[in-house]
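In listed order, ligands and their atoms are each counted from 1. Heads up: numbering here begins at 1 and tracks the sequence.
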Amino acid sequence: MIVTIDGPSGVGKSTVTKALAARLGFECLDTGATYRAVALAMLRRGIALHDHLAIETALTSVRLEMPPGRVLLDGTDVSADIRAPHVSQGASKVAVVAAVRRFLVGVQRAAATGRNMVCEGRDQGTVVFPDAACKFFLVADARVRAERRAAELAAKGRVVSVEDVLADQEERDRRDAERDLAPMKPAADAVIVDTTYLTTDQVIATLEQAVRSCPTDRT
Ligand code: DC
């Protein structure tokens, strides 16, 4: 059974996905990490991220593996490197390239099909797993998302102003929502959950309850 969780950056998808998967005894798939890994691969190869033809050509040499909780690029663990801010922006740039999306949709389907998996991203319910049993789209006020993200970074010892996080977040959200291919949007049958005034525990409980009452005759 596949559960999809889509939504904009900073809405809490990763935390909720991991916790929900743990409660259900499912695995999880962080598809943002796959776009991040491709962006890092291109940056390491010295390819300009506006050069879509060069990206498509270089893609044939990219080796991506997703063992649980980790991302291996060309055989090396890049789980930490893909979280750098310039890789976040890079990921949303390579995500507009048709060849990249084709390649990663294949990687994502191969990783999840036939398994019990919570898949998080932007297009999981619309494009990658349109027949998923249970779909969610998380939303939250942009400033609240930026405040949460800034607090998260501060806890890791990186002080970034809310305004800077907000600017970065708005740029990515705009690119992700306005692209022609697989734009970030809720599937017609997704449950939309506004997390602005909910605690993380409340969001997880809401989703768990919805999954448990989901019809089980779907993928
Ligand atoms: O979820 P994230 O912040 O790790 O995602 C990084 C970027 O990857 C995001 O800005 C857009 C892109 N992405 C996408 O286009 N489709 C997905 N399913 C997941 C991420």
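No side-chain heavy atom of Leu59 sits less than 4.5 Å from a side-chain heavy atom of Arg102.
Using a 3.5 Å distance cut-off with no hydrogens or angles, the side chains of Ser79 and Asp77 do pair a donor with an acceptor.
Heavy-atom contacts from other residues, nucleotides or ligands closer than 6.0 Å to CZ of Arg115 number 12 or fewer.
Ligand 1 has no N or O atom lying under 3.5 Å from any N or O atom of Asp30, backbone or side chain. Considering backbone and side-chain N/O of Ser88, none are found under 3.5 Å from N/O of ligand 1. The shortest N/O to N/O separation between Arg101 and ligand 1 falls below 3.5 Å. Any N or O atom pair closer than 3.5 Å counts here, and Arg179 shares at least one such pair with ligand 1.
Those atoms of ligand 1 with a heavy atom of Ser92 less than 4.0 angstrom away are 10 (O). For ligand 1, the atoms sitting less than 4.0 Å from at least one non-hydrogen atom of Asp123 are 16 (N), 17 (C), 18 (N), numbered in the order shown with element in parentheses. In the vicinity of Thr31, heavy-atom distances shorter than 4.0 Å reach the ligand 1 atoms 17 (C), 18 (N), 19 (C). Annotation for ligand 1: atoms under 4.0 Å from non-hydrogen atoms of Ala95 are 12 (C), 15 (O). Proximity to Ala91 (heavy-atom distance under 4.0 Å) selects the following atoms of ligand 1: 6 (C), 7 (C), 8 (O).
Residues passing the side-chain contact (heavy atoms from CB on, under 4.5 Å) test with Thr195, sequence neighbours excluded: Val11, Leu138, Ala140, Arg148, Val193, Val203. Arg143 is linked by a side-chain contact (heavy atoms from CB on, under 4.5 Å) to Asp141, Glu147, Val162, Glu163, Leu166, counting only residues two or more places apart in sequence or in another chain.
At a heavy-atom distance under 4.0 Å, no atom of Met184 approaches ligand 1.
A salt bridge is absent between Arg179 and Asp123; no separation between the charged side-chain nitrogens and carboxylate oxygens falls under 4.0 Å. The pair Arg83-Asp30 meets the salt-bridge criterion, with a side-chain N (NZ, NE, NH1 or NH2) lying under 4.0 Å from an Asp/Glu carboxylate O.
Nearest protein neighbour of atom 13 (N) of ligand 1, counting heavy atoms only, is Tyr35 CD1, 3.6 Å. Looking only at protein heavy atoms, the nearest one to atom 10 (O) of ligand 1 is Asp176 OD2, 2.8 Å.
Listed here is the closest heavy atom pair of Met1 and Asn116: N-OD1, 2.8 Å.
For the residues Gln169, Arg172, Glu120, Arg122, the heavy atom positioned nearest atom 14 (C) of ligand 1 is part of Arg122. Summarising the contacts of atom 4 (O) of ligand 1 with Gln108, Arg36, Arg175, Gln124, the nearest heavy atom is found in Arg36.
Using modelled atom types, no side-chain atom of Arg149 and backbone atom of Gly10 make a donor-acceptor pair closer than 3.5 Å.
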